[in-house]
Structure formats: structure tokens, C-alpha cells
Amino acid sequence: MSIWKRVTNLLSKPKPAVVEKSMLQLSPGDICEVSLVTYEVTGKVQNRGRNATLLTLKDGNTIVYLYIEERERLTYALYSPIDGRLDHPEEVPTTIELDDREYHLEEQYAGHVMTVGKTPFSQNGEQHVWQFQSDDNHLLRIEWQNGRFMLYEGEDILPADVKVIRAT
């Protein structure tokens, strides 16, 4: 290496370190691992008012949803869609019995969401969410946006069971 190159290298600014994306920053095309299963992120619904994201994850033909919320700490819940029907948002009860399991309303909120990629709701807008929990820690989530309901059943995931594999 020539002396000129050595002097240039000493005087040049170091390249900035590459900052890894967090789970909240993932977007369609990224790859993550949840409970030892590798998924491709195909969609994202983000509620910035709550610092929360619902990622649509795909592994082959299987589609699941990872809910991530940052409050005092990051919390994760993995959901699968279920069949069900409600006619109006005002008809959501405070307790629901489903498959011999009773769910109790834990939290209800509404907020503006932004969507990217393949998600249950294809456009941005006001979304209403009801989160339920059973006595044995199973979760039920109901979403309503633009006249459409989505129902999900799931469970909490430990932060150690979630990691970014590849972010674009």
C-alpha cells in the first residue's frame, strides 16, 4: 500500500456503523424468526399513537400475525385468524366464550393506523381494537375498520423467542 493511501485512510472519516432494524421497524420483505419458525414479513399495520405494530408473517401457506407494542418494555403476541362474525362495533361484548374458554375484555382502544403490504385491511384509517384474555392466558383480538371485522386467537411470546434474521 502506498504512503499516499495510508495518509488518506488516516484522514478519512470512518464509515458509520450499520444500525440493525428493531422488530417495530420491520417492513415487507424482511425476514424474522418467532419461536424457532422463520417468517417473511408480507404486511405491516402501524399505530404510531400507541407505538404498536401488527406484522403479517408468512411461512409457506401459513399466515400469522405478530403484535408488537413498546411501553415500558417490548411485548409480543402471536395471533392466528379465526372465523367469527359481529355485525356492529357497538355489539362487542365484555366477555366472550369461544371453544369452552371464556375471554374477558382487557383493553379497548381506537387509533389511526397506516398499512403497508398485504394486511387484513388494505387502507389507512381509523381502527378500533378489543383485546381479551382468558384465565389461562390465551388471547383474543378483535379489530374493526371501515365496516369490516377481523378476529384473532393467540398467545404472548417471550422477547427471547423473537429476532430479526434479515432486514432490507
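Please read all numbers here as calculations on a predicted model, not as lab measurements.
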> If you count the non-hydrogen atoms of other residues, nucleotides and ligands that lie under 6.0 Å from NZ in Lys118, is the total more than 12?
no

> So, Gln145 side chain and Gln123 main chain: donor-acceptor pair closer than 3.5 Å or not?
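It does hold such a pair.
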
> Side chain to side chain donor-acceptor pair (under 3.5 Å) with Tyr103: which of Glu153, Arg141, Glu97?
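Among the candidates, only Glu153 passes.
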
> Taking the side chain as everything from C-beta on, heavy atoms only, tell me whether Thr38 gets closer than 4.5 Å to Ile31.
yes

> Check whether Leu24 and Val162 end up in the same hydrophobic cluster, where Ile, Leu, Val, Met, Phe, Trp and Tyr are linked by side-chain heavy atoms less than 4.5 Å apart.
yes

> So, does Asn47 use its side chain to make a donor-acceptor pair with the main chain of Gly49 at under 3.5 Å?
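Present.
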
> Do Thr56 and Pro120 make a side-chain contact, defined as non-hydrogen atoms from C-beta onward lying under 4.5 Å apart?
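In contact.
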
> For residues 27-47, pull every pair meeting ring-ring contact (aromatic ring centres under 6.0 Å, His included), keeping only residues two or more places apart or in separate chains.
none

> Would you say that Arg71 contacts Asn51 through its side chain, given a criterion of any heavy-atom pair below 4.5 Å between the two side chains?
no

> Side-chain heavy atoms under 4.5 angstrom apart, residues restricted to Ile, Leu, Val, Met, Phe, Trp, Tyr: same cluster for Leu78 and Ile63?
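No; tracing contacts between hydrophobic side chains, which count when under 4.5 Å, never links both residues.
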
> Can Trp130 be reached from Tyr79 by stepping across I, L, V, M, F, W or Y side chains whose heavy atoms are under 4.5 Å apart?
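No, Tyr79 and Trp130 fall in different hydrophobic clusters.
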
> Kindly compute the distance separating CE (Met23) from OH (Tyr76), expressed to the nearest 0.5 Å.
6.0 Å

> Side chains of Thr168 and Arg166: does their closest heavy-atom pair fall under 4.5 Å?
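Touching, per the 4.5 Å side-chain cut-off.
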
> Any chance you could measure Ser80, atom OG, to Glu155, atom CD, to the nearest 0.5 Å?
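If I round to the nearest 0.5 Å, the distance is 8.5 Å.
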
> Would you mind writing out the side-chain donor-acceptor pairs for residues 108-117 within the sub-3.5 Å range, not counting sequence neighbours?
| unit_1 | atom_1 | unit_2 | atom_2 | d |
| --- | --- | --- | --- | --- |
| Tyr109 | OH | Tyr67 | OH | 3.3 |
| Thr115 | OG1 | Asn124 | OD1 | 3.4 |

> Side chain to side chain contact (heavy atoms under 4.5 Å, CB included) between Ile142 and Leu86: does it pass, once the steps are laid out?
CA-CA 10 Å; Ile142 300 173; Leu86 294 166; 4.1 Å; yes

> Checking Ser22 against Glu70 for the side chain to side chain contact (heavy atoms under 4.5 Å, CB included) test, could you report, in this order, the C-alpha distance in whole Å, the side-chain angles of both residues, the deciding distance, and whether it holds?
CA-CA 11 Å; Ser22 74; Glu70 184 174 29; over 6 Å; no

> Linking I/L/V/M/F/W/Y whenever any side-chain heavy atoms sit under 4.5 Å apart, do Leu139 and Leu98 land together?
no

> Near Glu69 CD, under 6.0 Å, is it more than 12 heavy atoms from other residues, nucleotides or ligands?
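Yes.
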
> Start with the C-alpha gap between Cys32 and Leu57, add the side-chain angles, then the distance that decides, and say whether side chain to side chain contact (heavy atoms under 4.5 Å, CB included) holds.
CA-CA 9 Å; Cys32 66; Leu57 304 178; 3.8 Å; yes

> Honestly curious: do Leu66 and Leu74 fall in one hydrophobic cluster under the side-chain, below-4.5 Å linking rule?
yes

> Quick check: does any side chain N or O of Thr53 sit under 3.5 Å from a backbone N or O of Leu55, one acting as donor and the other as acceptor?
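Absent.
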
> Quick one, Phe121 with Gln127, criterion side chain to side chain contact (heavy atoms under 4.5 Å, CB included). Give me CA distance, side-chain angles, the key distance, then yes/no.
CA-CA 9 Å; Phe121 301 102; Gln127 184 180 70; 3.4 Å; yes

> Give a yes or no on whether the backbone of Leu54 and the side-chain of Lys44 come within a donor-acceptor separation of less than 3.5 Å.
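No, the answer is negative, given that no donor and acceptor are paired below the 3.5 Å cut-off.
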
> Can you find a pair of side-chain heavy atoms, one from Phe149 and one from Val92, that are under 4.5 Å apart?
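They are in side-chain contact.
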
> For Gln131 and Glu106, test the side chains for any donor-to-acceptor distance below 3.5 angstrom and give the result as yes or no.
no

> Decide yes or no for Ser35 and Asp161: does some side-chain heavy atom of the first lie under 4.5 Å from some side-chain heavy atom of the second?
yes

> With rounding to the nearest 0.5 Å, note down the distance linking CZ in Arg101 to CD1 in Ile96.
13.5 Å

> Around atom CZ of Arg48, are there more than 12 heavy atoms from other residues, nucleotides or ligands closer than 6.0 Å?
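No, the 6.0 Å shell around CZ holds no more than 12 heavy atoms from other groups.
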
> Below 4.5 Å, heavy atoms only, C-beta onward: do Leu151 and Asp83 meet side chain to side chain?
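No, their side chains stay 4.5 Å or more apart.
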
> Please determine which of Asp136, Asn137, Asp135 meets the side chain to side chain donor-acceptor pair (under 3.5 Å) test together with Gln133.
Asn137

> Residues in ring-ring contact (aromatic ring centres under 6.0 Å, His included) with Tyr152, at least two apart?
Tyr65

